[in-house]
Amino acid sequence: MAPTTRFRWFWWLVAYLALALGVIGIVLPVVPTVPFILLAAFAAARGSQRLHHRLLSHPRLGPMITDWQAHGALRRRAKWLATVMMLLAAALLLWLTPHLWIPLVASSIMTVVCIWLWLRPEPPTDPEPTAATAPPPD
């Protein structure tokens, strides 16, 4: 645990910077939210237990972080939202950028990210209770 303690300030700084970038990504479609929130949780686990606990207990971010930590999985809704936001960002770049190469490069990167995203598994769903696991009727 000595390296973790030694670099605790570094992880604390990375956690808060990643969280800030993730929050900015909520309003700016060009900045990704999910990777920065996951990075914030990763760094907070090493540098700030208080922030890590707050992230895990957050009603919107907590389940996403828990799914990622437990299964390396992303929910379908998050995948669709990320895909739509990347399409929106690509359209805005194509419309607003004077040079064609900029949106082409950005769209290529977003395409690779989108493919990676859809190849990630989805978290397991809780199965319907069966007669063996269902609570007895009152």
Side-chain angles (χ1 to χ4, degrees):
M1 287 301 240
T4 303
T5 305
R6 182 183 307 158
F7 294 109
R8 185 171 182 242
W9 62 270
F10 170 76
W11 290 116
W12 180 90
L13 182 64
V14 169
Y16 279 98
L17 285 174
L19 182 60
L21 289 171
V23 170
I24 290 169
I26 292 171
V27 265
L28 292 178
V30 180
V31 180
T33 300
V34 173
F36 285 119
I37 297 299
L38 294 175
L39 176 61
F42 175 81
R46 287 149 182 77
S48 173
Q49 290 301 317
R50 184 173 61 172
L51 175 61
H52 190 247
H53 176 71
R54 286 182 66 193
L55 288 172
L56 289 177
S57 62
H58 191 276
R60 294 227 184 246
L61 303 177
M64 174 184 60
I65 295 167
T66 304
D67 289 342
W68 180 260
Q69 289 177 340
H71 308 288
L74 294 169
R75 294 180 185 206
R76 186 170 297 190
R77 182 176 185 272
K79 292 177 183 182
W80 276 112
L81 183 62
T83 302
V84 168
M85 294 307 285
M86 284 188 266
L87 286 171
L88 177 65
L92 283 172
L93 282 172
L94 192 58
W95 182 46
L96 297 174
T97 308
H99 304 289
L100 185 60
W101 67 269
I102 295 172
L104 289 178
V105 169
S107 295
S108 300
I109 293 169
M110 287 187 266
T111 300
V112 170
V113 170
C114 198
I115 291 169
W116 174 85
L117 187 71
W118 282 96
L119 290 175
R120 302 300 313 155
E122 292 180 17
T125 56
D126 293 339
E128 293 289 327
T130 61
T133 59
D138 289 327

Mind checking what makes side-chain hydrogen bond (donor to acceptor under 3.5 Å, both in side chains) contact with Trp80, not counting sequence neighbours?
none

With a 4.5 Å cut-off on side-chain heavy atoms, are Leu21 and Leu39 touching?
no

Measure across His58 and Arg60 and return the closest heavy-atom pair with its distance rounded to 0.1 Å.
ND1-N, 3.1 Å

Is there a chain of hydrophobic side chains (I, L, V, M, F, W, Y, each step under 4.5 Å between heavy atoms) that links Met64 to Val84?
no

Side-chain contact, heavy-atom cut-off 4.5 Å: Arg46 with Val14?
no

Donor-acceptor pair, Ser48 side chain versus Ala44 backbone, under 3.5 Å?
no

Does Arg75 have any side-chain hydrogen bond (donor to acceptor under 3.5 Å, both in side chains) partners at least two apart in sequence or in another chain, and if so, which?
Asp67

Is there a chain of hydrophobic side chains (I, L, V, M, F, W, Y, each step under 4.5 Å between heavy atoms) that links Leu87 to Leu93?
no

Would a hydrophobic clustering, with Ile, Leu, Val, Met, Phe, Trp and Tyr connected at side-chain separations under 4.5 Å, put Met110 with Trp116?
yes

Measuring from atom CG of Leu81 to atom CG of Leu74, what distance do you get when rounded to the nearest 0.5 angstrom?
11.5 Å

Please name all residues satisfying side-chain contact (heavy atoms from CB on, under 4.5 Å) with Thr33, sequence neighbours left out, ordered by chain then number.
Ile26, Ile37

Rounded distance [0.5 Å steps], CZ in Arg54 versus CG in Leu61:
11.0 Å

Should Leu94 and Val105 be regarded as members of a common hydrophobic cluster, given that ILVMFWY residues are connected when their side-chain heavy atoms come within less than 4.5 Å of each other, either directly or indirectly?
no

If we only count heavy atoms from C-beta on, is the Trp118 to Thr83 side-chain gap below 4.5 Å?
yes

Decide whether Trp11 and Trp9 are clustered together by the hydrophobic rule: side chain heavy atoms of Ile, Leu, Val, Met, Phe, Trp, Tyr closer than 4.5 Å, transitively.
yes

Parallel, tilted or perpendicular: which describes the rings of Phe10 and Phe7, with under 30° parallel and over 60° perpendicular?
perpendicular

Mind listing the closest non-hydrogen atom pair of Ala43 and Ala15 along with its distance?
CB-N, 3.6 Å

With Leu56, which residues qualify under side-chain contact (heavy atoms from CB on, under 4.5 Å), at least two apart?
His52, Ile65, Thr66, Gln69

Rounded to the nearest 0.5 Å, how far apart are CD1 of Ile24 and CG of Leu19?
10.0 Å

Results of salt bridge (Lys or Arg N to Asp or Glu O under 4.0 Å) for Arg76 - residues two or more places apart only
Glu122

Not counting sequence neighbours, which residues clear side-chain contact (heavy atoms from CB on, under 4.5 Å) with Ala73? List them please.
His71, Pro121, Pro123

